[in-house]
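Letters go in sequence order (proteins before strands), and every chain restarts at 1.
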Number of protein chains: 2
Amino acid sequence: MAATAGKLPLSDSFDILLVEDNADLAGNIIDYLEALGHRLHYAADGEAGLREALVSPVDIVLLDLALPHRDGLSVCAEIRRRADRRVPILMLTARDTLDDKLSGFAHGADDYLVKPFALAELAARITALARRPQLGQSHRLSIGPLIIDRQARVAIRDGQELRLTPLLWKLLLLLAEAWPNPVSRDAVTARLWGDEPPSSDSLRAHVHLLRQVVDKPFDQPLIETVHSVGFRLKAEP
Amino acid sequence: MAATAGKLPLSDSFDILLVEDNADLAGNIIDYLEALGHRLHYAADGEAGLREALVSPVDIVLLDLALPHRDGLSVCAEIRRRADRRVPILMLTARDTLDDKLSGFAHGADDYLVKPFALAELAARITALARRPQLGQSHRLSIGPLIIDRQARVAIRDGQELRLTPLLWKLLLLLAEAWPNPVSRDAVTARLWGDEPPSSDSLRAHVHLLRQVVDKPFDQPLIETVHSVGFRLKAEP
DNA sequence: CGCCATTTGACGTCGATTTGACATGGCGAG
DNA sequence: CTCGCCATGTCAAATCGACGTCAAATGGCG
């Protein structure tokens, strides 16, 4: 998998979801971007794209606006509404009026590229998008008694540093980034393991381990399970 | 750090540094963006812009490329090299060839806008660049005393959080989405269980359970039975 | 080898859903 | 107006699946 949960995109290659119904154009884009080392995921219509965007751990979404069944704008808005993290979305479209662009941004796009475009510019914008800071400008997250510094890879609760294995670190970061929203088990699994999750439900075990570190030594538990949904961090702002 | 750094993003207005030597254009941009509520900082040449970017707590930099004394590209690269945080940089320039754009991104730009441009597009791109996760702003339904946040998976009535099992959550969401219309039993059954509904009429039991949670603790019932039709939420807008 | 991180499988518990039995109430037929 | 039926409300017991917990197995790495 790739989608490297927990890391900032350190590498120059990304998991990219392309939602585009024109097979020729899609083929070109896929060839070009894969030649650059990216991993392409493909959806030919809006519904499929939405589904993929919600469950797949992609780093960026390239979204055509003219799609069968469902307009790209509504797909974009729904990704924003339902995704548990803010995946960058780049709109690709022939619609080039000012109103079109404004509408695109208003629906939650991060960038907007008018067809026809140079593949090299697309690649440059993808790189620029993927390295934008995802959460505020800060590598620091502060959630109730928790302070997380992604750069230093350190998590502190009530002044005490938490000792976290790589996987537990990713897991905590995921919960922290989604806060105060819950994260579904599926989403966690997808972002921790991608397409090949462990056969057993080892997420249970890891959540248990995370609790040992994050909650056990303290009075109030931070990690809350939302039954048959997933988990969330519980803390006052 | 940016003026708003450290705080959660509460506002849609930013500290913006404009580096641009053309006074007329600069004036237009400043007027337009200030009218939108942003706070503008201004530098007329590359040196001043660089100094400002390194010490001022701005949220975003708008950088002209054709500057006296020092080219915008080198200013951009130096900001990236020396700043202790990754401030978003949007390049504004008349240079419109593909190579120009690629060079801009290669020097660390986050976005690239070719002159002449519409001020509205500039504003939209600024928002997209500076956008942070809107906490609490997620998708909300508000029905009378009821507030439902799908993203947070939380329902609140009169300030009190309702504890809902997965099925009851779906059920309430169904009613809320249909509001103020009633939903037929068949429709509910279909959307809760699809093709294989439980053999008994367990919808009755679930509506009962939902009432225990949503209505029982309060004065006025919200859930209304429409005899031989289905159910509806009853509330004033 | 020995250490650490992760995975696995087993088990007990608890919450969620279903079921069936019974009570209540609206509404049309007579 | 009353009876009786059918839709609905109520409840507790039964079933089922999700979750927490743990210890042991696995696997990479020095």
Quiz item: Which atom pair, heavy atoms only, marks the closest approach of Ile143(A) to Ala176(A)?
Solution: CD1-O, 3.4 Å
Quiz item: side chain to side chain contact (heavy atoms under 4.5 Å, CB included) between Asp64(A) and Asn22(A): does it pass, once the steps are laid out?
Solution: CA-CA 9 Å; Asp64(A) 185 18; Asn22(A) 180 326; 5.8 Å; no
Quiz item: Is the backbone N or O of Asp15(A) less than 3.5 Å from a side-chain atom of Asp59(A), with the two atoms forming a donor-acceptor pair by type?
Solution: yes
Quiz prompt | DNA chain D contacts among residues 218-225 of chain A, heavy-atom distance under 4.0 Å | solution = Thr225(A)
Self-check item: Polar side-chain atom of Arg157(B) near backbone of Val214(B) as donor-acceptor pair, under 3.5 Å
Solution: yes
Practice problem: Kindly compute the distance separating CG (Leu173(A)) from CG (Leu168(A)), expressed to the nearest 0.5 Å. | Solution: 12.0 Å
Can you name the atoms? Protein N/O to nucleotides 24-30 of chain D N/O, anything below 3.5 Å, with the distance.
none

Self-check item: OG on Ser56(B) to CD1 on Ile16(B), rounded to 0.5 Å
Solution: 13.0 Å
Exercise. Nearest whole angstrom, please: distance from the P of dA18(D) to the CG of Asp201(A).
Key: 10 Å
Self-check item: Partner set under side chain to side chain donor-acceptor pair (under 3.5 Å) for His227(A), not counting sequence neighbours
Solution: none
Enumerate the protein-to-nucleotides 10-17 of chain C contacts in which both atoms are nitrogen or oxygen and the separation is below 3.5 Å.
from, atom 1, to, atom 2, distance (Å)
dA10(C), N6, Arg204(A), NH2, 3.2
dT17(C), OP1, Leu167(B), N, 3.0
dT17(C), OP2, Thr165(B), OG1, 2.5

Self-check item: Near-strand residues of residues 173-190 of chain B, defined as heavy-atom separation under 4.0 angstrom from DNA chain D
Solution: Arg185(B)
Quiz item: Atom NZ of Lys216(B) to atom P of dG9(D): distance rounded to whole Å?
Solution: 14 Å
Quiz item: Atom CD of Glu196(A) and atom C1' of dT6(C): how far apart are they, to the nearest Å?
Solution: 16 Å
Self-check item: Phe231(A) side chain, from C-beta outward: closest of dC11(D), dG20(D), dT7(C)
Solution: dG20(D)
Exercise. Look at the side chain of Ser184(B) and the backbone N and O of Ala187(B), then say whether any donor-acceptor pair between them is shorter than 3.5 Å.
Key: yes
Quiz prompt | Whole-Å distance separating the NE2 atom of His208(A) from the P atom of dG20(D) | solution = 9 Å
Quiz item: Got a donor-acceptor contact below 3.5 angstrom from the His107(B) side chain to the Ser103(B) backbone?
Solution: yes
Quiz item: Would you say the side-chain atoms of Arg211(A) and Thr225(A) include a donor-acceptor pair closer than 3.5 Å?
Solution: no
Quiz item: What's the spacing between Asp215(B) CG and Lys234(B) NZ if we round to 0.5 Å?
Solution: 12.0 Å
Practice problem: Compute the bend angle of the helix from dC1(C)-dG30(D) to dG30(C)-dC1(D) from the end axes (five pairs per end), rounded to 10°. | Solution: 30°
Exercise. Please name the pair of heavy atoms, one in Tyr112(A) and one in Arg125(B), separated by the smallest distance, quoted to 0.1 Å.
Key: O-NH2, 3.0 Å
Practice problem: To the nearest 0.5 Å, tell me how far Leu209(A) CG sits from Leu167(A) CG. | Solution: 9.5 Å
Quiz item: Could you give the distance from CG (Asp110(B)) to CG (Leu129(B)), rounded to the nearest 0.5 Å?
Solution: 5.5 Å
Quiz item: Between atom CD in Gln212(A) and atom C1' in dA23(D), what is the gap in whole Å?
Solution: 13 Å
Practice problem: Output yes when a side-chain donor or acceptor of Asp158(B) lies under 3.5 Å from a complementary backbone atom of Gln160(B), and no otherwise. | Solution: no
Self-check item: Arg232(A) side-chain N/O to Val226(A) backbone N/O, donor-acceptor pair under 3.5 Å
Solution: no
